[in-house]
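Below is one structure, written out as structure tokens, with a few remarks after it.
In what follows, chains carry the letters A, B, and so on, assigned in the order in which the sequence lines appear, proteins first and then strands, with residues in each chain numbered from 1.
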Protein chains: 2
Amino acid sequence: MTTSTQTATFEAAESLARCRDLVQPALRATVGALDRDLEMRCGFALGWWDSDGRADGHGTGKGLRPALALLGAQAVGAPPDTVVAGAVAVELVHVFSLAHDDIMDGDERRRHRPSLWKAYGVGTAVLTGDALLALALGALAEAPGERHGEAARLLARMLLDLVGGQAADVAFEDRPWTGPRAVTLAEYRHMAVRKTGALLGCSAAIGAALAGAPAGVVAGLEEAGRHLGLAFQAVDDVLGIWGDPSVTGKPAFGDLRRGKKTVPVLTALADPRGGDRLAELLSGERTGPEVRQAAALVAEAGGRAAAERMARHHLDAAVGGLRGLGLAEPAAAELIAVARSLADRRQ
Amino acid sequence: MTTSTQTATFEAAESLARCRDLVQPALRATVGALDRDLEMRCGFALGWWDSDGRADGHGTGKGLRPALALLGAQAVGAPPDTVVAGAVAVELVHVFSLAHDDIMDGDERRRHRPSLWKAYGVGTAVLTGDALLALALGALAEAPGERHGEAARLLARMLLDLVGGQAADVAFEDRPWTGPRAVTLAEYRHMAVRKTGALLGCSAAIGAALAGAPAGVVAGLEEAGRHLGLAFQAVDDVLGIWGDPSVTGKPAFGDLRRGKKTVPVLTALADPRGGDRLAELLSGERTGPEVRQAAALVAEAGGRAAAERMARHHLDAAVGGLRGLGLAEPAAAELIAVARSLADRRQ
């Protein structure tokens with residue numbers, strides 16, 4: 001790790017904290033308008049309290065998406081308070097998608113706690129997700145000013161990408177590890193740019209759209225955000241296999257146990273140095289010793305390095321894109337620092 | 001049945017068919033933009049084909065909500081093609097809410113077919129519902145013209161009502177039949193105006209909002225649609241107990257078997273002529289003979305008559321409201337004919 005990375009991480013943490021302070025009151029007020037039961041469940045999904053209503057400081061996210069929305073707006077010269085609604089909307093959409101994805105993926109843990117459906121049952125988790133999405137739309141529709149049109153289009157397109165990407169990801173589960181029907185890296189990238197990239201792209205652009213920035217700048221911010229999403233997903237793929245369970249809150253080698261088709265695995269499967277042996281291992285039981293051995297095979301075949309390369313490539317593309325937009329300082333530098341910190345995250 | 005009712009029903013059927021013809025191409029195009037798998041599942045939810053992709057003519061809804069949207073717009077003088085997106089949006093939101101509600105309520109049948117979750121599994125039904133909602137937002141956001149703001153606000157508020165109403169309806173299940181914690185008729189009405197009234201209100205108003213009608217007219221159409229929703233719900237409550245299974249596609253006395261707290265039941269429970277006996281029956285097994293007996297008790301205690309009175313009252317309020325708005329003919333007369341036909345429906 002270099003000193004410049006450490007500086008970027010430190011600056012990013014400061015920016016994220018500042019953005020959280022700006023967004024949190026509006027987010028609380030938005031969720032607080034719900035009936036008590038729904039409010040409690042939405043707050044649980046947002047990590048504000050556990051299922052007994054106790055706030056324990058765990059579980060709240062870093063607020064990456066609202067930070068991108070605020071910084072994107074500040075980078076086009078908008079005062080943050082006029083675009084907070086966009087930041088609130090993308091955070092709520094993010095938590096909506098986690099709530100519903102956890103049902104589909106059968107994930108029982110989220111942010112060191114039971115997932116929403118595990119805590120409250122599937123029906124309640126479906127409805128709470130719907131409530132989070134409805135709140136997001138409400139926040140955006142009631143935002144001050146009369147520039148909702150472009151922001152609403154960004155949000156709607158992003159949601160269509162989100163469901164399309166999730167559908168593709170779920171469909172990958174039924175595809176074989178090898179042969180002509182195996183998932184290709186190109187298919188994976190197309191899935192990831194929709195499932196992960198679209199929301200980061202929308203986040204980076206929505207504040208600027210609400211502020212009435214020129215279409216080219218809004219599109220450039222969205223494109224940079226999509227690259228950031230692909231970098232984010234590649235890092236996620238590495239953490240999903242080699243992340244520290246005590247930091248990520250997820251089991252060791254989790255993605256291998258679940259048979260997820262990720263960049264490291266797809267790269268390694270295509271490698272002559274052990275792809276067949278890996279496919280054999282992944283087609284089997286995928287319990288303790290097998291997943292450890294599979295992880296070693298994936299690393300040896302260059303799967304981890306490929307994912308790290310992919311993360312760097314898309315991070316560079318995002319940073320390069322942001323630099324080319326002629327954005328205002330210091331928000332532009334903060335955006336870049338936040339972007340860099342993503343590629344260096346541990347959870 | 002009077003001749004004027006028969007005429008209204010006939011006219012309503014003609015209006016609904018004309019509106020379906022106007023909306024269907026746009027609806028097909030909207031859903032057709034999805035990836036194949038999601039398109040097939042959304043089309044299944046819309047009743048276009050069964051799970052093998054066979055179109056059998058069953059299952060397609062009457063298109064009440066899009067008809068309200070189109071007629072509401074025509075009633076303020078707008079040409080239908082400028083507001084079709086609003087009609088598409090409310091139909092998609094309707095089918096989204098059915099898809100998710102069937103999961104929460106455990107309903108296995110819908111429109112003479114397996115419900116979406118029963119046909120494809122819960123995870124797929126969650127995602128398909130999300131896709132339908134995303135399509136609705138996309139249709140509205142990409143609508144021609146620049147008057148999305150008010151339409152987007154109507155839609156967002158309606159969605160918040162929808163989830164709040166569904167949450168209340170689900171919570172009613174855990175409440176006792178009698179005593180201080182029993183569900184009151186006022187609570188029921190508040191639930192129904194959100195769960196059913198909000199979407200019909202939004203439907204009646206959204207086309208006019210997209211067409212740029214004055215705020216007072218948009219609000220008046222929304223209010224009339226909400227009354228229509230309450231009338232619709234009261235009729236639904238009657239059909240849920242006394243509807244003909246061969247017409248409704250639902251089991252006889254279905255709402256009694258499921259222990260639903262509806263207007264007829266809540267009214268009868270409050271009646272000295274047999275409320276206690278009814279509560280006792282409903283607290284028991286609720287199989288064959290008990291539900292038949294319970295249905296007779298509900299009718300004897302005036303529960304059916306109360307629901308029919310409620311339907312008439314809100315229908316009159318809707319029609320009176322529409323008449324007071326100075327709407328353009330023939331759309332105004334068609335709106336009223338469609339409204340009247342709702343109170344006379346068998347399914």
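Rounding to the nearest 0.5 Å places CG of A:Leu160 at 8.0 Å from CG of B:Leu137.
Ranked by heavy-atom pairs shorter than 4.5 Å toward chain B, the options A:Ala134, A:Ala152, A:Ala156, A:Ala136 are led by A:Ala134. Listed options B:Asp35, B:Ile103, B:Leu159, B:Asp101 were ranked by heavy-atom pairs under 4.5 angstrom with chain A; first place goes to B:Asp35.
Against chain B, the residues from residues 121-133 of chain A that qualify, each with a non-hydrogen atom under 4.5 angstrom away, are A:Val122, A:Gly123, A:Val126, A:Leu127, A:Asp130, A:Ala131, A:Leu133 in number order. Using a 4.5 Å heavy-atom cut-off against chain B, the contacting residues of residues 88-100 of chain A are A:Phe96, A:His100.
For residues 149-169 of chain A, the salt bridge (charged side-chain N to carboxylate O under 4.0 Å, His left out) pairs, not counting sequence neighbours, are A:Glu150-A:Arg153, A:Arg157-B:Glu142, A:Asp161-A:Arg194, A:Asp161-A:Arg226, A:Asp169-A:Lys195, A:Asp169-A:Lys260.
Only the side chain of B:Leu34 comes within contact range of chain A, with at least one heavy atom under 4.5 Å from a heavy atom of that chain.
Listed by chain and residue number, nothing satisfies the salt bridge (Lys or Arg N to Asp or Glu O under 4.0 Å) test with B:Lys261 (two or more places apart in sequence, or in another chain).
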